[in-house]
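Below you'll find the structure, written out as structure tokens, and then a few comments.
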Amino acid sequence: MIKSTSIAPSNIAFIKYWGKKDSSLKLPLNGSVSMNLSGMTTTTTVEFKKDFTEDEILIENDDRKKTKDRVSGHLDKIRQITEVDMKAKVVSRNNFPSSTGLSSSSSAFAALTLAAVNALNLHLSEKDLSILARQGSGSACRSIPDGFVEWLEGEDSNSSYSYSLHPPEYFDIADVVIVVSDKKKDISSTEGQILADTSPFMATRLANIKDKIIKIKQIINKKDFSSFGQLIESEALEMHAIMLTSNPPLIYWQPGTINIIKLVKKMRTEGLEVYFSLNTGQDVHIICKRKDVNKLEGYFRKIEEVKRIIVNYPSVGARLSDNHLF
Ligand code: DP6
């Protein structure tokens with residue numbers, strides 16, 4: 001096989017990855033726990049051919065040289081492993097707006113890894129695929145396994161990978177993403193993470209993070225939605241506290257971000273149990289029980305700064321597809 005297509009979900013981290021101990025291998029300072037998202041996927045087709053003289057990379061809505069170089073660099077890694085020197089054509093498309101600053105590197109590098117590896121007839125275990133995807137974008141390693149996922153911090157490249165904690169249908173929750181601005185974030189996660197160590201609070205975060213990971217897994221095991229929501233909110237705010245106190249400071253919020261956060265709190269006082277999470281960028285992820293999705297959507301549709309709402313349920317990880325993009 002020389003041409004292959006893969007679909008991979010984006011994921012939302014409940015315990016976040018922020019800071020690396022090795023930037024080129026993308027080894028994280030701490031482990032993380034996430035859920036794959038059904039409504040935010042990347043589809044990527046990769047074809048290798050002997051007569052291609054250079055990589056041709058076509059990413060819908062992203063024509064930046066920086067992005068193409070990163071994709072080519074990842075293909076180089078895969079070519080190295082497989083001892084193949086053919087160049088490739090890559091076409092990639094998101095089913096969600098990548099122009100709004102929503103994180104797309106997790107789904108993008110998971111889809112690219114699976115499609116490229118399969119196109120070269122390399123049969124890797126889920127663990128090895130995750131290790132390879134991690135080297136494209138750290139969070140991409142969590143988009144390989146199904147459902148609820150833990151990324152083990154590990155000590156080296158071979159021990160830093162993700163595995164599935166529970167299948168998607170395990171916990172009946174949803175992630176309703178509220179897009180509050182069309183603005184692309186001006187500092188990427190990769191650039192922002194370099195600053196993590198400059199925050200005076202990072203040491204405290206790292207001292208407590210192992211316990212936090214144990215705690216979130218226990219809570220998910222018990223399906224205790226209230227404890228779950230409280231912990232993920234405080235974790236999202238803690239990561240932003242690190243960002244805000246970095247040198248130089250990283251301020252990802254827009255006025256709409258704060259307004260949505262306040263509305264989430266208000267909704268709780270009105271009896272609807274919803275909690276927020278945040279990544280790099282201004283958009284807000286609202287975690288709710290599946291039965292409350294319609295109510296939540298109806299509520300936010302009426303709010304002025306809401307540009308778009310994307311409803312996600314827990315999803316399977318990266319998989320192959322027969323629908324090639326070219
Ligand atoms: C805030 O995985 O995008 O979303 O490894 O440099 O590609 P790189 O960074 P990336 O960082 C994601 C950061 C985050 C938190 C998370 O998803 O855990």
Side-chain angles (χ1 to χ4, degrees), residues 8-37 40 42 62 64 66-67 69-71 73-74 77 94 96 98 100-113 130-144 148-154 157 160-162 175 177 184-197 199 202 205-206 209 212-213 216 231-233 235-244 246 250-253 257 276-285 287 312:
S10 181
N11 66 71
I12 176 72
F14 301 132
I15 303 300
K16 309 281 186 183
Y17 151 54
W18 194 250
K20 301 181 180 92
K21 53 188 174 214
D22 183 321
S23 325
S24 88
L25 283 172
K26 300 200 193 301
L27 294 176
L29 283 172
N30 57 267
S32 49
V33 174
S34 64
M35 170 179 104
N36 285 325
L37 303 175
M40 294 167 67
T42 301
D62 191 348
R64 291 173 300 176
K66 196 171 95 176
T67 313
D69 288 348
R70 193 167 164 185
V71 169
H74 194 55
K77 219 159 255 166
N94 288 338
F96 57 97
S98 42
T100 57
L102 279 172
S103 155
S104 54
S105 67
S106 58
S107 51
F109 280 93
L112 176 69
T113 304
S130 176
I131 289 169
L132 199 49
R134 190 204 72 230
Q135 294 170 66
S137 175
S139 56
C141 77
R142 296 189 311 237
S143 291
I144 299 286
F148 296 82
V149 171
E150 176 175 14
W151 173 7
L152 299 167
E153 174 194 339
S157 191
S160 186
Y161 64 93
S162 297
D175 174 4
V177 176
K184 239 190 191 333
K185 57 190 172 214
D186 41 11
I187 306 208
S188 70
S189 297
T190 308
E191 293 159 334
Q193 287 201 36
I194 297 168
L195 303 175
D197 271 342
S199 165
M202 192 62 186
R205 169 168 172 75
L206 292 176
I209 199 99
K212 245 188 185 181
I213 290 173
I216 195 95
L231 189 58
I232 63 169
E233 264 193 18
E235 165 64 2
L237 289 172
E238 183 177 294
M239 180 181 71
H240 278 266
I242 300 289
M243 293 163 166
L244 290 165
S246 293
L250 294 167
I251 307 171
Y252 283 111
W253 299 346
T257 316
F276 65 83
S277 184
L278 306 157
N279 279 345
T280 31
Q282 61 273 5
D283 302 320
V284 184
H285 290 250
I287 311 296
N312 297 282

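Each ligand, and each atom within it, is numbered from 1 in the order the structure gives. Along the sequence shown, residues are numbered consecutively beginning with 1.
Glu150 and Arg142 are not joined by a salt bridge, as no carboxylate oxygen comes within less than 4.0 angstrom of a charged side-chain nitrogen.
Panel note: side chain Lys16, backbone Val33; no donor-acceptor pair is recorded below 3.5 Å. Formation of a donor-acceptor pair under 3.5 Å by the Ser143 side chain with backbone atoms of Pro9 is found in this model. At distances below 3.5 Å, at least one donor-acceptor pair connects side-chain atoms of Ser130 with backbone N or O atoms of Ser162. Between the side chain of Gln282 and the backbone N or O of Trp253 there is no donor-acceptor pair closer than 3.5 Å. Side-chain N or O atoms of His240 include none that pairs as donor or acceptor with a backbone N or O of Tyr252 at under 3.5 Å. Looking only at distances, no side-chain donor or acceptor of Ser199 sits under 3.5 Å from a matching main-chain atom of Leu195. Checked by atom type and distance alone, the side chain of Gln193 never pairs as donor or acceptor with a backbone atom of Thr190 at under 3.5 Å.
Close approach of ligand 1 to Ser105 is summarised as follows: ligand atoms under 4.0 Å from at least one heavy atom of the residue are 3 (O). In summary, the atoms of ligand 1 found under 4.0 Å from a heavy atom of Thr190, numbered by their order in the structure, are 6 (O), 7 (O), 8 (P). In the vicinity of Met239, heavy-atom distances shorter than 4.0 Å reach the ligand 1 atoms 1 (C). Close contacts between ligand 1 and Lys20 involve ligand atoms 5 (O), 6 (O), 8 (P) [criterion: under 4.0 Å to a heavy atom]. In summary, the atoms of ligand 1 found under 4.0 Å from a heavy atom of Asn279, numbered by their order in the structure, are 4 (O).
Looking at ligand 1, you'll find an N or O of Gln193 within less than 3.5 Å of one of its N or O atoms. For ligand 1, the polar-atom distance check against Tyr17 finds a nitrogen or oxygen pair separated by under 3.5 Å. Residue Lys16 has no nitrogen or oxygen atom sitting less than 3.5 Å from a nitrogen or oxygen atom of ligand 1, judged on distance alone. For Thr280, no nitrogen or oxygen atom sits less than 3.5 Å from a nitrogen or oxygen atom of ligand 1, counting backbone and side chain alike. Polar contact check, Ala140 against ligand 1: no nitrogen or oxygen pair lies under 3.5 Å apart.
Heavy-atom separations between Arg134 and ligand 1 are all 4.0 Å or longer. Taking a 4.0 Å cut-off on heavy atoms, Ser32 fails to register as neighbouring ligand 1. Using a 4.0 Å heavy-atom cutoff, His240 is absent from the residues neighbouring ligand 1.
By the criterion of a heavy-atom distance under 4.0 Å, neither the backbone nor the side chain of Glu235 is placed next to ligand 1. Only the side chain of Ala13 comes within 4.0 Å of ligand 1, judged by heavy-atom distances.
Every residue two or more places apart in sequence or in another chain that forms a side-chain contact (heavy atoms from CB on, under 4.5 Å) with Glu153 is listed here: Lys21, Lys210.
Taking 4.5 Å as the limit, every side-chain heavy atom of Val149 sits out of range of all side-chain heavy atoms of Asn11.
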